[in-house]
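Scroll down for the structure; my scribbles are underneath it.
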Amino acid sequence: MLEIKKLSAGIKNKKIIDNINLKVKKGEFHVIMGKNGTGKSTLGNILTGKKNYIIHGGEIKFKGENIIDLTPEERACRGMFMSFQYPVSIPGVNSMHFIRTAVNSIRKYQNKEEIEPADFIKKFKENLALMDLDDDFAKRGVNDGFSGGEKKRFEIIQMLMLNPDLVILDETDSGLDIDALKIVANGINNFRTKDKSFILITHYHRIVQYLSPDYVHIMLNGTIVKSGKEQLAIDLEEKGYDWLKK
Ligand code: ADP
Ligand code: MG
């Protein structure tokens, strides 16, 4: 699904990502943990094609194809999705209309007909219910006045509606209470199949325990310094990061 080879990147005058190698196969669930400011969100941004980063070297292959020159829109249309650490509000843009437009843009790119409005609404409302948000959210502006937890749940609704193959979730668990955390984990687990791949960025084992990932990676100073299984997330919570620096 995804192959990152010797990726180094940053912004003007600053290297943020330093020689990252990562392979994510179909059906795999990867977790990335790491200190604040270590480059986790930057990695997600670069994978999804956000502008203004400079790629110093390396390769990003998605479904076997080098995607470094593709726009974020093209990457999304080919099945990539990222939920934001800090979702922005777009007052005045109806949230259901926003997602329907995105769904239809992807369908158009894939030479499919637009989704039937009734089918879309039905599915959207089912997903609202799954995320424990009431129907009212369909009428509100995108993230407009949503609480922190509601924004994170709305990111999951976007994932469910857009139906991507590679999902990058950036701290989707941060700021969630225990019930919301279970709802979000449940939404992610329901969406998992043997054909979909996930990269979850998080600081806490709390969400990891619900997701039983295949791999946990630790990033420090822009690179992956250690990879392991779920136990690594538990060790990290017990010991912090200092032992890894040695
Ligand atoms: P993390 O998600 O691991 O907390 P980030 O990827 O958000 O870290 O940031 C890594 C480092 O790169 C930080 O020091 C951050 O300030 C810096 N950085 C990221 N993007 C930019 C940018 N556009 N301009 C300046 N600095 C940036
Ligand atoms: Mg971040």
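Start at 1 and go down the list; that is how both ligands and their atoms are numbered.
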May I ask you to list the atoms of ligand 1 that are less than 4.0 angstrom from any heavy atom of [X]?
X	value
Ile11	22 (C), 23 (N), 24 (N), 25 (C), 26 (N), 27 (C)
Asn36	4 (O)
Lys35	3 (O)
Tyr53	20 (N)
Thr38	1 (P), 3 (O), 8 (O)

Does the shortest distance from the Mg ion (ligand 2) to an N/O/S atom of Ser41 fall below 2.8 Å?
yes

Would Gln85 count as a contact for the Mg ion (ligand 2), in the sense that one of its N, O or S atoms lies under 2.8 Å from it?
yes

Can you tell me which residue and heavy atom of the protein come closest to [atom], and the distance to 0.1 Å?
atom	result
atom 14 (O) of ligand 1	Lys14 NZ, 3.1 Å
atom 11 (C) of ligand 1	Gly37 O, 3.7 Å
atom 6 (O) of ligand 1	Thr42 OG1, 2.5 Å

So for ligand 1, is Lys40 a polar contact partner (N or O within less than 3.5 Å, distance only)?
yes

Selection from Ile16, Asn45, Leu220, Asn52 by shortest heavy-atom distance to atom 12 (O) of ligand 1
Ile16

Any chance you could measure Tyr109, atom OH, to Glu74, atom CD, to the nearest 0.5 Å?
5.0 Å

Scan the protein's non-hydrogen atoms and note whether one is under 4.0 Å from atom 16 (O) of ligand 1.
no

